[in-house]
Chemist: 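Shown below is the structure under consideration.
A, B, ... follow the sequence lines: proteins, then strands. Residue 1 opens every chain. Quantities reported herein were computed from a predicted structural model and do not represent experimental measurements.
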Amino acid sequence: MTATVRTRFAPSPTGYMHIGGMRTALFVWLWARHNNGTFILRIDDTDQQRNVEAALAPIFRAFRWLGLNWDEGPDVGGNFGPYYQSQRTHLYQAAVEKLLAEGKAFKDYDSPEQIAADRAVAESAKQQFVNIRRSLELTDAERAQFEAEGRPYVVRFLVPRDQRVAIDDAVRGHVEWDGALMVDPVIMRSNGTVLYNFATVVDDAHMQITHVIRAEEHLTNTAVQALLHQALGNTPPVFAHIPFITAPGSTKKLAKRDIDKLRNSPQLKKMFDRADEVLPQLGLGDSKILNPLMVEYYERLGYLPEGILNALSRLGWSLDDKTEFMTLDTVIQNFTLDRIVKSPAGLDAEKLQSYQQHWMNQLPLEDKVAGCLSFLQQAGLVSQTSDAAIQSTVGQVVTGLADRLRIFSDILDYKEFFVADDALVYDEKAFKQRVVDAPEAVGLLTALREQLATAAAFDAPALDSLVHAFVESQGVKIGQIVHALRVAVTGRAVGIGLFDALAILGRDRCLSRIDRTLRLANRQS
RNA sequence: GGCCCCAUCGUCUAGAGGCCUAGGACAUCGGAUUUUCAGUCCGAGUACUGGGGUUCGAAUCCCCAUGGGGUCACCA
């Protein structure tokens, strides 16, 4: 068996890339790559919206950001195009004609109202509804008359009701359905367009897809699709239905419609809040525009593709009993369908965060600096990213930040290094607690200021010993001065190592900030 | 409701009859380190939905129950 594996992901142009859909796409892509096969991107735009182009942009963007390339599809072409369903109607038409000619489908002249009435009757009798095939009973004369008067009809696939359909799903195993319980599905609307379930079968066969890997909610569709493949004389693909992703703390499918509930869920609230904090600074709106259900959220907030890919890979799949951190290559090497978990998995923000943190820590300093620089620039905090002095400052801050930098936008929490001295905003609470109300803080700060002004060296180790010598000579504890000093120069009670911070800012800026603090404190007391 | 799928720590998972007094990770809770926050290190607790079988032996196989979910469109 040397047949090339061909897989496909078929998004519809919705205007954003759903994180759950991305996980499905990743698995589909992974299976192709694992087998040195072909990954195809096909656009399910049978629904014809006006702005397909714009609605597709975020989807392509997400694939590109994560580095999931496609071998056939929009932009790259391929031998089985076009890759937009809206451009493949001739193939669907031909398939409908074929089924009609072979008596495997029929024109149904029943009105939607009639069908609805039939359904109501069945339901009130507590019986399984299967459509009544009235149009099959039509005489030739009646049929000719309907045809002549142009009576509208849909084309239904004629389900073999005496048959059971079975598939051997690569993750679920043997699944079967009873044809007698199935409704003849509409494959072509009265306006001549075909339905998804049918177009998919035609396309999958035509594009020689070997493995249909998709989310579990399509499992029920598969009965019809398997039957359709059979009727069309296709070699059916292998189906693999992977579990969907559930909302955190829930067992229900993660869905955009529940966005308001998710916003307030304890698990996701932090992520929404972070968006509201960061996005406006970048001029990208807020959490109403980008939320954690969208791949672009992660990109815009400065997550690493490595982190997201790692997290997504581990949602419903594992390499073994211990391995958590994996590069894409490692996952490709080891990705097999039989290791896909059957039950749904919840998206865990904390765990995702931990993958992200791991990969951020792995990143070389220069890459971290470049990433942060880009965010600082977007926020208007630095203007010239090529400026050597700025690069050096960012490098020092990032080094001082060490593990505290989890996502690139975290750098925006350390504005104190990038704002002018007189523009530094003091945290009110910290300022009051550590400077105004702290006993002797102002006096100590004043005394220390003079020593800083004349210090021989202004690097972190030197400052460290200077401050320690200072507290010894003053007979106070170190805690009495460090907090005040930190607030004075950074405006906040928390941050990177104090002496690193002082050194990065340099003598002049530190003194200027201490002076300003002293003035403000005197005014307040 | 019919059909279909699923069921191990709070969460993501390992487990394909004896290696399981159930392993790992995240989270949680202790302790240590630290000028703060974070981190790091050490430690702790927490799970096989229930009931029947099969077997010398079951988290693992079978059946039933229960629970959860998906799907039932001229949407995709």
Chemist: Side chains of A/Y303 and A/Q353: donor-acceptor distance under 3.5 Å anywhere?
Modeler: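 Yes, side-chain donor-acceptor contact under 3.5 Å.
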
Chemist: Taking only the C1' atom of each, what is the distance from B/G67 to B/C29 in whole angstrom?
Modeler: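 Each nucleotide's C1' atom is 30 Å from the other's.
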
Chemist: Excluding sequence neighbours, so at least two apart, what forms side-chain contact (heavy atoms from CB on, under 4.5 Å) with A/R133?
Modeler: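 With neighbours one apart ignored, the set is A/F106, A/N131, A/L136, A/L158, A/V159, A/R161, A/D184.
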
Chemist: Applying a 4.0 Å non-hydrogen cut-off, can you work out what A/G497 is touching in the nucleic acid: base, sugar-phosphate, or nothing?
Modeler: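 Base contact - A/G497 has a heavy atom under 4.0 Å of at least one base atom.
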
Chemist: Watson-Crick or G-U wobble partner for B/G67, using a 3.5 Å limit on both distances?
Modeler: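 Result: B/C6.
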
Chemist: Once you apply a heavy-atom cut-off of 4.0 Å, does A/F499 come out as touching a base, just sugar-phosphate, or nothing?
Modeler: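 A/F499: base contact, heavy atoms under 4.0 Å.
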
Chemist: Quick check for you: among B/G2, B/C75, B/A14, whose closest atom lies nearest to any side-chain atom of A/R189?
Modeler: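 Among the listed nucleotides, the one closest to the side chain of A/R189 is B/C75.
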
Chemist: Looking for any heavy atom pair under 4.0 Å, which part of the strands does A/E176 touch: base, sugar-phosphate only, or nothing?
Modeler: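 Result for A/E176 = sugar-phosphate.
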
Chemist: Is there a donor and acceptor pair, one atom on the side chain of A/E324 and one on the base of B/G24, closer than 3.5 Å?
Modeler: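 Check passes, donor-acceptor contact within cut-off.
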
Chemist: Does OP1 or OP2 of B/U36 have a side-chain N or O of A/R404 closer than 4.0 Å?
Modeler: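 It does not, given that no N or O in the side chain of A/R404 lies less than 4.0 Å from OP1 or OP2 of B/U36.
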
Chemist: Between A/S190 and A/V171, which is nearer to the 5' end of RNA chain B once each is assigned its nearest nucleotide?
Modeler: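 On the 5' side of the pair lies A/V171.
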
Chemist: Output the residues of residues 217-231 of chain A in contact with RNA chain B, where contact means a heavy atom of the residue under 4.0 Å from an atom of the strand; sort by number or write none.
Modeler: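 Listed by number, they are A/E217, A/H218, A/L219, A/T220, A/N221.
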
Chemist: What does the B/S/- profile of nucleotides 40-48 of chain B look like, 5' to 3', with a 4.0 Å heavy-atom cutoff to protein?
Modeler: ---------

Chemist: Figure out the NZ/C1' separation between A/K253 and B/U71, and round it to whole Å.
Modeler: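 Rounding to the nearest Å, NZ of A/K253 and C1' of B/U71 are 9 Å apart.
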
Chemist: Specify the residue among A/L347 and A/V175 whose closest nucleotide of RNA chain B lies further upstream toward the 5′ end.
Modeler: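 Upstream on the strand: A/V175.
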
Chemist: Base, sugar-phosphate, or nothing: which does A/R492 touch, judged by heavy atoms less than 4.0 Å apart?
Modeler: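 Since no nucleic acid heavy atom lies under 4.0 Å of A/R492, the category is nothing.
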
Chemist: Is the shortest side-chain N/O distance from A/R486 to OP1 or OP2 of B/C37 below 4.0 Å?
Modeler: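 No, no such contact exists.
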
